[in-house]
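As the structure is a computational prediction, the values presented were derived from the model and not from experiment. In the text below, chain A, chain B and the rest are named by the order of the sequence lines, each starting its count at 1.
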Amino acid sequence: MPELPEVETVARDLQRWIRGATIRDATVSWDRTIRHPLPPERFVAEIRGATVRRIDRRAKSVLVHLTDGRVMTVALRMTGALIVAEPGVAADPFARVIFSLADGRELRYRDVRKFGRIGLWEGGGLRRSGTKAAAKAPGRVGDVFAAHGPEPLSRSFTVARFAERFRRRTKRIKPLLLDQSFIAGVGNIYADEALWRARIHPLRAADSLSEDEIRRLHRSIRTVLRQGIADRGASFSDYVGADGQPGSAAEKLKVYRRTDQPCYRCGRPIRRMVLDTRATHFCEHCQK
DNA sequence: ACGCCTACCTGCTTGC
DNA sequence: TGCAAGCAGGTAGGCG
């Protein structure tokens, strides 16, 4: 799926293009896209007539803030995309939800694999950290993200704050980076990229990392995510921005899906292994 | 509470 | 050419 840089790209596009738009109507063609417990018909009735105040991102979700304070969350998961279509653009057989805007455009939620979920919540609670119980039965939008870890690109995400989280964590570092309660927004592409950049082996136990390694990893995570945003995200098959166009970040990746190709640092072949069911790419010579 | 594994879906690529 | 298996950006939920 889209990871942090891809979701951030979509959110910024939408902020530019549909801020202030009014949703005249919505059509849901795959019911399970609408997140429990809201029935799809209720969702449509609730969203009809709403006006978009602002769009941003939390973790890997797009947040559409409405003028009445409610917030629509869009979790794109593996193949979700939010695309603004001008009037007259051909129908999309993979559009699962279509929002008709009052100005004649459409906001289309496209999702080939149908894993993505759209929710509608009362506002509030986004700034507080919250409890896991709240995350299990969300009421306010903040509850949805109550169990999530810190935003890696936020000002408050310091090395010290990152380092604290490593205490007594025996888990291997790669799966830990994918754990959204440890750090939000990092996915399979950028986890591999950050570890390569920091020269840390994906199988290392988290609590075995030295201060210097944690510092390198902190910096690497922020660097690869920012680079991904600058290139409008990494596209392999499905990911596109709200303009419907792929990003160019995939061209600059150092290890992800570069199995057997030479490491950019030492020239030895990049290895691929499966770790907790996820493909993991690394250089066994320069990642220790 | 943690950690590991499966299920959820469809389309594309690969190998016989 | 055809067909089956393998693969994919994620994460709830169930098990031990």
Name the nucleic acid region contacted by [X], choosing base, sugar-phosphate or nothing; use a 4.0 angstrom heavy-atom cut-off, strictly under.
X	value
A:R169	sugar-phosphate
A:D238	base
A:R272	sugar-phosphate
A:A234	base

*Worked check of side-chain contact (heavy atoms from CB on, under 4.5 Å) between A:R140 and A:D143*: CA-CA 5 Å; A:R140 303 188 301 170; A:D143 299 339; 4.1 Å; yes
Below 4.0 angstrom, N of the basic side chain to O of the carboxylate: do [X] and [Y] qualify?
X	Y	result
A:D192	A:K254	no
A:D25	A:R48	yes
A:R96	A:D111	no

_For C:dG10 and A:K60 - does any side-chain N or O of the residue sit under 4.0 Å from the phosphate oxygens OP1/OP2?_
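The answer is yes; a side-chain N or O of A:K60 sits under 4.0 Å from OP1 or OP2.
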*asked:* With a cut-off of less than 4.0 Å, is there a side-chain N or O of A:Q180 near OP1 or OP2 of C:dG10?
replied: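 It does not, given that no N or O in the side chain of A:Q180 lies less than 4.0 Å from OP1 or OP2 of C:dG10.
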Whole-Å distance between [N] [atom2] and [X] [atom1]?
X	N	atom1	atom2	value
A:D192	C:dG10	CG	P	10 Å
A:R57	C:dG10	CZ	P	14 Å
A:K174	B:dG3	NZ	P	17 Å
A:I183	C:dG10	CD1	P	14 Å
A:R172	B:dG3	CZ	P	10 Å
A:K171	B:dC4	NZ	P	7 Å
A:E3	C:dT11	CD	C1'	13 Å
A:R278	B:dG3	CZ	P	17 Å

_Tell me whether the count of non-hydrogen atoms from other residues, nucleotides or ligands lying under 6.0 Å of CZ in A:R219 goes above 12._
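No, the 6.0 Å shell around CZ holds no more than 12 heavy atoms from other groups.
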*asked:* Looking at A:K288, I'd like to know if its NZ atom is crowded, meaning that more than 12 non-hydrogen atoms belonging to other residues, nucleotides or ligands lie closer than 6.0 Å.
replied: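 Correct, the count exceeds 12.
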*Apply side chain to side chain donor-acceptor pair (under 3.5 Å) to the pair A:R216 and A:S220, showing each step before the final yes or no.*
CA-CA 6 Å; A:R216 281 179 352 227; A:S220 299; over 6 Å; no
Gap in Å between the two [atom1] atoms, one belonging to [N] and one to [M], rounded:
N	M	atom1	answer
B:dT6	C:dG6	P	14 Å
B:dG11	C:dA12	P	24 Å
B:dC9	C:dG14	P	15 Å

*Fill in the dot-bracket string of DNA chain B, one character per base: . for unpaired, | for a pair to another strand, ( ) or [ ] for pairs within the strand, taking Watson-Crick or G-U pairs under 3.5 Å.*
.|||||||.|||||||
*For side-chain contact (heavy atoms from CB on, under 4.5 Å), just list the numbers for A:I173 and A:L209, CA-CA rounded to whole Å, side-chain angles, deciding distance to a tenth of an Å, and then say yes or no.*
CA-CA 9 Å; A:I173 187 63; A:L209 297 202; 4.3 Å; yes
*With A:F182, which of A:R165, A:K171, A:H148 fulfils side chain to side chain contact (heavy atoms under 4.5 Å, CB included)?*
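Looking at A:R165, A:K171, A:H148, the match for A:F182 under the side chain to side chain contact (heavy atoms under 4.5 Å, CB included) is A:R165.
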_What does the B/S/- profile of nucleotides 5-16 of chain B look like, 5' to 3', with a 4.0 Å heavy-atom cutoff to protein?_
-B-BBBS-----
*Taking the six-membered ring for Trp, are A:Y109 and A:F94 ring centroids under 6.0 Å apart?*
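Not close enough - the centres of the two rings lie 6.0 Å or further apart.
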